[in-house]
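Inspection log for the structure reproduced underneath, given as structure tokens.
Proteins get letters first, then strands, A, B, ... in listed order; numbering begins at 1 in each. Since we're looking at a predicted model, the values are computed, not measured.
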2 protein chains.
Amino acid sequence: MTPSRPTDNSTPKRTKATVHDVAKRAGVSIATVSRALNTPDAVRPELREEVLKAAKALGYTTNSVGKALRRRRSQVIGTLLPRLADPLFSLVASGVQDALVEHDYVGFLEISGFDNRNLYTHAHKLIQKGAEGLIVFGRIDDDDLLDLVTKQNIPTLTVYSYLAASEIPMIGIDNYAATRQLTELLLDLGHTRIAMISGPLAGNDRQQSRTQAFQDCLHERGLEPLIEHVDVEHERANGAAALQRLISRRSDLTALLCNRDVIAFSAIAECRRMGLSVPDDLSLTGFDDVEYASLLDPPLTSLSVPAIEMGRHAATTIIRHLESGDAMHSACYDTEVILRRSTARPRPARRG
Amino acid sequence: MTPSRPTDNSTPKRTKATVHDVAKRAGVSIATVSRALNTPDAVRPELREEVLKAAKALGYTTNSVGKALRRRRSQVIGTLLPRLADPLFSLVASGVQDALVEHDYVGFLEISGFDNRNLYTHAHKLIQKGAEGLIVFGRIDDDDLLDLVTKQNIPTLTVYSYLAASEIPMIGIDNYAATRQLTELLLDLGHTRIAMISGPLAGNDRQQSRTQAFQDCLHERGLEPLIEHVDVEHERANGAAALQRLISRRSDLTALLCNRDVIAFSAIAECRRMGLSVPDDLSLTGFDDVEYASLLDPPLTSLSVPAIEMGRHAATTIIRHLESGDAMHSACYDTEVILRRSTARPRPARRG
DNA sequence: TGGCGACTTGAAAACGTTTACTTCTTCGAG
DNA sequence: CTCGAAGAAGTAAACGTTTTCAAGTCGCCA
């Protein structure tokens with residue numbers, strides 16, 4: 001088999017075999033070909049064999065575009081993620097992919113960025129390109145997008161966040177409760193001067209819930225919550241800066257909640273740079289329990305979320321809905337605080 | 001606007017507006033509608049306005065499936081990655097996505113796993129589903145797949161690896177040369193007892209090139225290369241085990257090349273666990289200079305590869321080929337050794 | 001004034017499927 | 001022996017576009 005050169009006309013632009021070609025070769029009608037392939041029982045065995053043989057001989061493989069047009073089903077579902085190069089989001093995407101291949105679907109992946117002003121644009125594009133269903137990371141707060149999917153009746157699911165009242169089903173976790181757990185962990189250890197580094201709140205229900213939980217927790221105990229924000233597009237650089245701002249606002253800080261593991265990664269590195277010992281000088285927690293959280297020095301106390309599982313769940317739910325009309329239900333997954341060595345009791349006060 | 005309930009028949013299964021609806025409303029033929037939308041200059045301005053108005057009123061958006069069928073162009077290209085939840089691969093995917101949205105394409109993403117026996121299956125699926133072009137991570141060594149893309153004339157590109165002789169264009173780096181650089185860096189520092197932790201070689205041109213380079217380098221200096229392999233599916237767990245195996249085979253090791261940053265991550269953690277100081281007891285290098293390599297303690301000496309850029313380059317190349325028929329050329333990107341604190345001169349020998 | 005070209009538009013034929021209908025056997029029951 | 005039902009195959013009509021081709025209008029020049 002000699003590989004064909006760029007301009008190889010020996011194979012005369014060999015256009016792919018269609019159902020007609022197979023039909024002709026097998027001496028049957030195209031309808032029979034289609035039936036032999038899709039509903040084999042509906043065609044006499046001998047004829048079926050004939051068709052299958054012809055199909056194989058011609059290397060026929062059904063053209064999904066034609067099929068999709070006629071069936072009005074593409075077996076494509078689209079996923080919308082804020083970012084791909086991220087240890088959390090890519091995990092969700094993995095879960096989605098897992099489920100998709102299992103059901104012989106294929107996935108459009110689209111990166112929306114954190115600015116959900118263009119969420120609508122991306123979603124629209126995916127639908128227009130033929131996605132039958134949509135999986136969106138985080139709560140959808142864009143009315144236009146909500147309109148789009150309900151009007152056009154596009155099965156849509158969000159993943160990662162769970163909020164009780166939602167027009168569209170959410171497969172996720174309770175960010176509020178989870179953050180309360182983390183905060184209370186620190187409080188129970190005896191910390192009173194606690195801060196949080198959060199991502200931007202605008203259009204981000206996760207960060208909203210988490211800062212809210214943090215504030216509520218501290219207020220309940222009569223403590224003053226301290227929050228700094230990082231620009232999520234440059235979490236690393238800004239995590240360090242945020243930590244510095246916090247320290248300068250309150251130098252006697254003993255504990256810090258980072259609203260994403262990746263923020264904690266840079267915070268822990270910055271602590272090292274500043275000569276702050278974790279957890280002796282500063283207890284640190286992350287969120288998501290991303291793969292490398294346990295490899296840090298010290299290993300990071302974090303909150304584990306079943307990211308892959310949620311992605312998988314979302315995808316199968318949507319597929320089941322598409323295939324069997326099953327209703328899509330929200331689901332709230334349990335989370336778990338993973339206690340590692342980045343948290344400890346506060347160092348006993350030196351003086352008063 | 002009240003959100004429609006699951007069984008809301010008030011909107012009578014409102015099927016999307018088609019070109020026919022727009023035509024009727026504007027009082028023109030469907031051909032004119034199509035023209036007004038695609039080649040505006042070909043239709044009288046007043047009429048064009050009329051059509052556009054009708055389209056907007058009906059919320060018409062062209063059905064890409066019908067379009068794709070007729071045009072035999074889907075504006076979809078597929079990417080095949082070994083894994084998604086990985087700081088390197090996800091970077092490549094990001095680059096691809098960047099370029100895709102820029103050109104109003106959309107991407108199928110498919111995870112093939114490291115076992116390239118099913119590479120063919122996945123690629124076939126993508127093509128069948130309508131992908132016009134394929135981007136594959138790493139060299140394609142599967143003859144069936146090669147056959148598939150050449151016979152069906154599917155523009156295909158590989159990304160990350162560059163090898164001079166290749167049937168299909170490769171956008172990548174020279175793994176052999178890069179590893180030589182890293183190895184020589186260690187040699188120049190004075191190390192003589194150097195080992196490598198590599199991924200499995202089977203079907204993985206990157207690891208093959210790297211182990212080869214390592215062996216060549218050491219042999220040239222009359223040194224004995226020591227190599228252990230990790231199962232790539234469980235890099236973390238196995239990175240630690242591999243390190244232990246190496247130490248037990250040769251306890252006086254002073255330097256270790258890890259063939260992927262993620263391997264180095266677990267190796268560095270394992271060193272900590274074993275009480276080995278990096279770089280005093282053991283110099284360590286990674287490969288890929290993934291985002292968090294610089295946040296480790298100590299920060300990891302690694303080899304930076306332009307992963308996003310390569311992904312972007314691959315996608316634009318393939319799109320340009322599709323749109324303008326431009327030939328696709330291979331490209332070899334420069335890499336750079338990023339010197340950080342995980343490497344140092346070997347500790348002076350204690351005795352002889 | 002006749003005719004030729006340039007411009008616009010519409011009718012209809014694809015693109016590759018699936019599927020509702022029709023037609024034709026065949027077979028069993030009455 | 002006949003009639004109807006069941007089974008199997010074919011015909012043709014979709015699905016929503018784009019695009020070829022033909023036709024019509026208009027203006028301009030000879």
Side-chain angles (χ1 to χ4, degrees), chain A residues 13-52 54-55 58-76 127-132 152-153 323, chain B residues 13-52 54-55 58-76 104 127-132 152 323:
Chain A
K13 200 61 179 170
R14 182 145 196 63
T15 171
K16 275 196 67 179
T18 81
V19 78
H20 292 93
D21 303 324
V22 179
K24 192 177 301 175
R25 180 165 183 133
V28 300
S29 76
I30 61 168
T32 301
V33 173
S34 176
R35 278 190 284 256
L37 264 29
N38 297 308
T39 50
D41 300 329
V43 41
R44 195 157 39 88
E46 320 129 47
L47 211 49
R48 186 199 313 155
E49 287 312 316
E50 204 59 35
V51 172
L52 261 35
L58 266 49
Y60 170 78
T61 108
T62 156
N63 175 329
S64 300
V65 177
K67 181 178 200 155
L69 180 58
R70 169 67 218 224
R71 279 224 176 138
R72 310 173 116 202
R73 296 282 324 275
S74 60
Q75 303 212 116
V76 173
I127 293 173
Q128 211 222 218
K129 286 282 186 188
E132 294 188 67
Q152 292 201 21
N153 213 349
E323 304 274 326
Chain B
K13 201 58 178 176
R14 182 144 197 62
T15 171
K16 275 197 67 179
T18 81
V19 77
H20 291 93
D21 303 323
V22 178
K24 192 177 301 174
R25 178 163 183 134
V28 300
S29 77
I30 61 167
T32 301
V33 173
S34 177
R35 278 191 282 256
L37 264 29
N38 296 308
T39 50
D41 299 330
V43 43
R44 194 158 39 90
E46 319 130 47
L47 210 49
R48 185 200 312 155
E49 286 312 315
E50 204 60 34
V51 171
L52 261 36
L58 266 49
Y60 171 79
T61 107
T62 156
N63 175 329
S64 299
V65 178
K67 182 178 199 152
L69 180 57
R70 170 64 221 224
R71 278 223 177 137
R72 307 168 125 213
R73 295 284 323 273
S74 61
Q75 302 212 117
V76 173
D104 205 44
I127 294 173
Q128 211 222 217
K129 286 281 185 189
E132 294 187 67
Q152 292 202 21
E323 303 276 325

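Contacts of A:Val65 with the nucleic acid, taken as non-hydrogen atoms under 4.0 Å apart, are absent. Backbone-only engagement by B:Thr18 is indicated by non-hydrogen atom pairs under 4.0 Å involving sugar-phosphate atoms exclusively. Within 4.0 Å (heavy atoms only), B:Thr62 reaches sugar-phosphate atoms of the nucleic acid but no base atom.
Not a single donor-acceptor pair, N or O on each side, falls under 3.5 Å between the base of D:dT17 and the side chain of B:Arg70.
Rounded to whole Å, the distance from CD1 on B:Ile30 to P on C:dA12 is 11 Å. We find that OH of A:Tyr60 is positioned 7 Å from C1' of C:dG16, with the value rounded to whole Å. If you measure from atom CZ of B:Arg73 to atom C1' of D:dT19, you get 16 Å, rounded to the nearest angstrom. The separation between B:Lys67 atom NZ and C:dT17 atom P is 22 Å, rounded to whole Å. Put simply, CD on A:Glu46 is 13 Å from C1' on D:dG7, counting in whole angstrom units. Rounded to whole Å, atom C1' of C:dT25 lies 14 Å from atom CG of A:Leu47. When rounded to the nearest whole Å, the span between NZ of A:Lys16 and P of C:dG16 equals 10 Å. Protein atom CZ of B:Arg72 is 13 Å distant from nucleotide atom P of D:dT20, rounded to whole Å.
At D:dT17, none of the side-chain N or O atoms of B:Arg71 fall inside 4.0 Å of OP1 or OP2 (strictly under the cut-off). Within the structure, every side-chain polar atom (N or O) of A:Asn63 is placed at least 4.0 Å from both OP1 and OP2 of C:dC15.
Listed candidates were C:dT18, C:dT17, D:dT19. Nearest to the side chain of A:Ser34 is C:dT18. The listed nucleotides are C:dT8, C:dT19, C:dG10; the one nearest the side chain of A:Arg35 is C:dT19. Ranking C:dT9, D:dT17, C:dT19 by closeness to the B:Val19 side chain, first place goes to D:dT17.
Of all non-hydrogen atoms in A:Gly130 and A:Ser74, the two that sit nearest each other are O-OG, 2.5 Å. Listed here is the closest heavy atom pair of B:Val65 and A:Leu69: CG1-N, 3.6 Å.
Using a cutoff of 4.0 Å between basic side-chain nitrogens and carboxylate oxygens, B:Arg73 and B:Glu323 are scored as salt-bridged.
Inter-residue side-chain proximity for B:Lys16 and B:Thr61 is flagged as met; some heavy-atom pair is nearer than 4.5 Å.
Heavy-atom distances to DNA chain C give each of B:Gly66 and A:Thr32 a nearest nucleotide, and the one nearer the 5′ end belongs to B:Gly66. If you find the closest nucleotide of DNA chain C to B:Gly27 and to B:Leu69, the one lying nearer the 5' end belongs to B:Gly27.
The backbone N or O of B:Gln128 sits less than 3.5 Å from a side-chain atom of A:Ser64, completing a donor-acceptor pair.
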